[in-house]
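In the text below, chain A, chain B and the rest are named by the order of the sequence lines, each starting its count at 1.
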Amino acid sequence: MSKDKSAKIPTPQAVRGTQDMLGDFADRFAHVVETFERVRRLYGYKRVEVPVIEPTAVFARSLGETTDVVSKEMYSFDDRGGESITLRPEFTAGIARAYITNGWQQFAPLKVATHGPLFRYERPQKGRYRQFHQLDAEVLGSDSPLADAELLVFADQLLKELGIAEGVTLTLNTLGDAESRDAWRAALVEHFESHRGALSEDSLARLDKNPMRILDSKDPRDRPIADSAPDIDAFLTAEAQDFFGAVTSGLDAAGVAWERNARLVRGLDYYRHTAFEFVTDRLGAQGTVLGGGRYDGLIEALGGPPTPAVGWAAGIERLAMLVQESGSFRTHVPDIAVVAENIDCELTACSLAAVFRRSGFWAELVATGSPRKRFDRARKLDPALIVSLDVRDGVHTRSIKLLDERYNRSPAAHAVFDSFFSSP
RNA sequence: GCGACCAUAGCUCAGUUGGUUAGAGCGCCGGUUUGUGGUACCGGAGGUCGCGGGUUCGAGCCCCGUUGGUCGCCCCA
């Protein structure tokens, strides 16, 4: 063997913006997914699975004119057949594609839910990763405002059951129908053009590319101009007004609190009517916990029949961080620690631990290292019950002690323990 | 793509105006307290000070570059 340290094999690093999860955080992550799976069933959302990879066209089409996003922020590559493939940066486009190519129109209106990894080539920061994970819920083929309302009530219940609704606000806006939206957009452009000289450099660029985005600019120079810009309300058609009214009435009827945010916009043209975000100030610059809206124009943009649809997505990592902060999720600890305090007890302890496990208890066996320190190490596992096996002066001893008074399976564990030592 | 801050033991960090052999706590391993106990004490293993250059008699410390991380901007489907 070489003693030359320079010959040491370098360990490859994790890909930038990806993360490894262990223990508590991974448990919280799973808890978020499990809660989502439970609640979506209460609302009758079918489970749907779509590929992680799609032809690049699926996302390029759905993202339309925002060329920066398509060209710079997607993980795309050519496969061996020369086809351009993209790792999904969102769920909606893939689900819309599946809806069209599988003829799921026959099930409309179709309520579906899924979760899994997504990929975006962005600069990592708090709550923002290159591989991240989302929960997703969509209703395809319904033009009813009650579909929007139900989707939001679902989201609200999810956050409440996760115990993180405190400090999270549902902010809501309408983008109107195509006619309303176009009229509003034109009025905004006119307003911003008239204040062109006072806008920030960033917003001047937005004025050409995506003028509605000036409304939520963070630059203090833009705020007065953005705040004095016209709201969409004056441009809403009667139908659009009724639609928004029906959504908010549905929310009120279901007891879901909401706030109007007339500055909440969506950059893409296929978004219509409802736009919403559940926001918090506890996640740094990434304040959106769950967001979505109605995208009546998307499926048509992908070459399908005109199909109204509405949906939302939520970042699992962000939800897991909020779960951590709220302390609403208890760390998993073992039911029982079985300690062999003497070498002659190790096999018995091993056998007893196996019996506990077969009886449905999470049992940890502590039978290595210094015998004198095993009990202390077992205590540090924070089990509900602790079982000690020892040999004192040649006599085998055993004890089982309850450490967590709230633990309700203690009698069952005692029964297993007694039975183990009374059987021949 | 832009900016700020950071990088020392497995983890969290200290390390003075640049000055002998780089430290602590936690964790890990072993031993002692012949004990129903999360204690205390003793000992041990573990470090290319992110990497590469430079300045200097001398660099963990100063300078340049680089890589990575964090946070923010842009973007946000």
Side-chain angles (χ1 to χ4, degrees), chain A residues 3-8 10-19 22-23 54 58-75 86-96 118-129 132 134 136 200-206 209-210 212-213 216-220 264-271 275 277 283-288 291-293 295 298 301 311-313 315 337 339 341-342 366 368-383 386-393 397-401 403:
Chain A
K3 286 182 179 176
D4 184 1
K5 287 182 179 176
S6 67
K8 192 181 168 195
T11 304
Q13 291 188 313
V15 172
R16 185 176 176 81
T18 65
Q19 52 182 338
L22 172 70
E54 292 277 356
V58 169
F59 305 112
R61 203 83 55 78
S62 83
L63 295 170
E65 79 281 20
T66 50
T67 51
D68 265 22
V69 169
V70 172
S71 62
K72 293 179 186 165
E73 295 178 22
M74 295 203 309
Y75 269 100
T86 294
L87 270 50
R88 65 183 178 200
E90 60 163 337
F91 277 115
T92 308
I95 290 171
L118 303 173
F119 303 85
R120 297 180 184 179
Y121 195 83
E122 294 181 295
R123 190 87 172 207
Q125 53 185 281
K126 189 179 180 70
R128 209 171 168 174
Y129 307 95
F132 60 105
Q134 284 188 341
D136 187 87
S200 67
E201 303 78 23
D202 285 335
S203 284
L204 285 175
R206 292 187 185 109
K209 287 194 301 189
N210 202 351
M212 292 167 103
R213 281 284 163 200
D216 50 19
S217 168
K218 291 172 185 168
D219 195 306
L264 180 59
V265 294
R266 291 279 116 94
L268 300 171
D269 283 339
Y270 54 72
Y271 281 103
E277 287 179 1
L283 289 176
Q286 313 303 320
T288 301
Y295 51 95
L298 173 62
W312 56 249
V339 191
E341 301 205 62
N342 187 297
V366 183
T368 57
S370 169
R372 290 177 180 278
K373 292 186 174 163
R374 291 179 189 177
F375 192 90
D376 286 351
R377 266 174 44 221
R379 291 290 303 233
K380 287 179 184 173
L381 296 172
D382 198 23
I386 192 159
V387 170
S388 167
L389 305 181
D390 203 350
V391 180
R392 300 263 179 86
D393 305 321
T397 64
R398 60 178 184 265
S399 74
I400 177 166
K401 195 157 92 178
L403 301 179

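Separation of the P atoms belonging to B:C13 and B:G54 is 32 Å when rounded to the nearest angstrom. Taking the C1' atom of each, B:G15 and B:U20 are spaced 15 Å apart, rounded to whole Å. If you take atom P in B:A7 and the same atom in B:U12, they sit 12 Å apart, rounded to whole Å. Only the C1' atoms considered, B:A40 is 24 Å distant from B:C11, to the nearest whole Å. The C1' atoms of B:G47 and B:U21 are separated by 14 Å, rounded to the nearest whole Å. Comparing B:G25 with B:U36, their P atoms sit 29 Å apart, to the nearest whole Å. Straight-line distance between the C1' atoms of B:G18 and B:C62: roughly 8 Å, to the nearest whole Å. Look at the P atom in both B:C63 and B:C5: the space between them is 12 Å, to the nearest Å.
Listed nucleotides B:C71, B:G37, B:C74 differ in distance to A:Lys126; the shortest reach to its side chain belongs to B:C71. The side chain of A:Leu63 approaches B:A77 more closely than any other nucleotide in the set B:C74, B:A77, B:G37. Comparing B:G37, B:A77, B:G38 against the side chain of A:Arg120 picks out B:A77 as the nearest. With B:G69, B:G37, B:G38 as the candidates, the nucleotide lying closest to the side chain of A:Arg16 is B:G69.
Among the atoms of the strands shown, base atoms are found under 4.0 Å from some heavy atom of A:Glu122. Across all strands, A:Phe91 comes closer than 4.0 Å to no nucleic acid atom at all (heavy-atom distances). Contacts of A:Arg206 with the nucleic acid, taken as non-hydrogen atoms under 4.0 Å apart, involve only primed sugar atoms and P, OP1 or OP2. A:Glu277 comes within 4.0 angstrom of no nucleic acid atom, judged by non-hydrogen atoms across all strands. When heavy atoms are screened at a 4.0 angstrom cut-off, A:Asp376 is found touching base atoms of the nucleic acid.
The base-pairing partner of B:G44, taking Watson-Crick or G-U wobble contacts with both distances under 3.5 Å, is B:C28. Taking a pair to require two hydrogen-bonding distances under 3.5 Å in either a Watson-Crick or a G-U wobble arrangement, B:U70 pairs with B:A4. Checking B:G52 for Watson-Crick or G-U wobble geometry (two distances, each under 3.5 Å) identifies B:C64 as its partner. If you check B:A22 for Watson-Crick or wobble pairing at under 3.5 angstrom, you find it has no partner at all.
Counting only distance, with no hydrogens or angles, the side chain of A:Arg374 and the backbone of A:Glu341 share no donor-acceptor pair below 3.5 Å. The closest donor-acceptor contact from the side chain of A:Arg128 to the backbone of A:Gly17 lies at 3.5 Å or more, if one exists at all.
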Legend entry - Criterion side chain to side chain contact (heavy atoms under 4.5 Å, CB included) on A:Val58 and A:Thr86, from CA distance to verdict: CA-CA 9 Å; A:Val58 169; A:Thr86 294; over 6 Å; no
Inset, instruction - For side chain to side chain contact (heavy atoms under 4.5 Å, CB included), just list the numbers for A:Tyr295 and A:Leu268, CA-CA rounded to whole Å, side-chain angles, deciding distance to a tenth of an Å, and then say yes or no. - result: CA-CA 9 Å; A:Tyr295 51 95; A:Leu268 300 171; over 6 Å; no
Inset, instruction - Under the side chain to side chain contact (heavy atoms under 4.5 Å, CB included) rule, what do A:Glu73 and A:Glu122 come out as? Steps first, then yes or no, please. - result: CA-CA 6 Å; A:Glu73 295 178 22; A:Glu122 294 181 295; 3.6 Å; yes
Inset, instruction - Give the C-alpha distance, both sets of side-chain angles, the deciding distance and a yes or no for side chain to side chain contact (heavy atoms under 4.5 Å, CB included) between A:Arg123 and A:Arg16. - result: CA-CA 9 Å; A:Arg123 190 87 172 207; A:Arg16 185 176 176 81; 3.7 Å; yes
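Of the inter-residue distances, the one linking A:Leu389 atom CG with A:Asn342 atom CG reads 10.0 Å to the nearest 0.5 angstrom.
Distance CD (A:Glu341) to P (B:G37): 11 Å, rounded to an integer number of Å. Taking atom NZ of A:Lys373 as the reference point, atom P of B:A40 lies 12 Å away to the nearest angstrom. As rounded to whole Å, 16 Å separates atom P of B:U36 from atom CG of A:Leu403. Rounded to whole angstrom, the span from the CZ atom of A:Arg128 across to the P atom of B:A77 amounts to 10 Å. Atom CE in A:Met74 sits roughly 18 Å away from atom P in B:C75 (whole-Å rounding). In this structure, A:Lys72 places its NZ atom 11 Å from P of B:C2, rounding to the nearest Å. One interatomic measurement links the two molecules: NZ of A:Lys209 to P of B:C74, which rounds to 12 Å at whole-angstrom precision. With rounding to whole Å, A:Arg88 atom CZ is found 22 Å from B:C76 atom P.
If you check distances only, the side chain of A:Lys380 never reaches the base of B:G27 with a donor-acceptor pair under 3.5 Å. At a cut-off of 3.5 angstrom, counting only N and O atoms as typed in the model, there is no donor on one side facing an acceptor on the other between the side-chain of A:Glu73 and the base of B:G1.
Proximity of A:Arg377 to the phosphate of B:G27: no side-chain N or O atom is located under 4.0 Å from OP1 or OP2. A sub-4.0 Å separation between OP1 or OP2 of B:G1 and a side-chain N or O of A:Arg123 is absent. Regarding contacts with the backbone of B:C75, every side-chain N or O of A:Asn210 stays at 4.0 angstrom or more from both OP1 and OP2. Taking 4.0 angstrom as the limit, A:Gln125 places a side-chain polar atom (N or O) nearer than this to OP1 or OP2 of B:G72. Taking side-chain N and O atoms only, A:Arg266 has a distance below 4.0 Å to OP1 or OP2 of B:A77. OP1 or OP2 of B:C73 lies within a sub-4.0 Å distance of a side-chain N or O belonging to A:Lys218.
When each of A:Pro89 and A:Pro371 is assigned the nucleotide of RNA chain B bearing its nearest heavy atom, the one mapping closer to the 5' terminus is A:Pro371.
Counting heavy-atom neighbours within 6.0 Å of A:Tyr121 OH, excluding the residue itself, gives a total of 12 or less.
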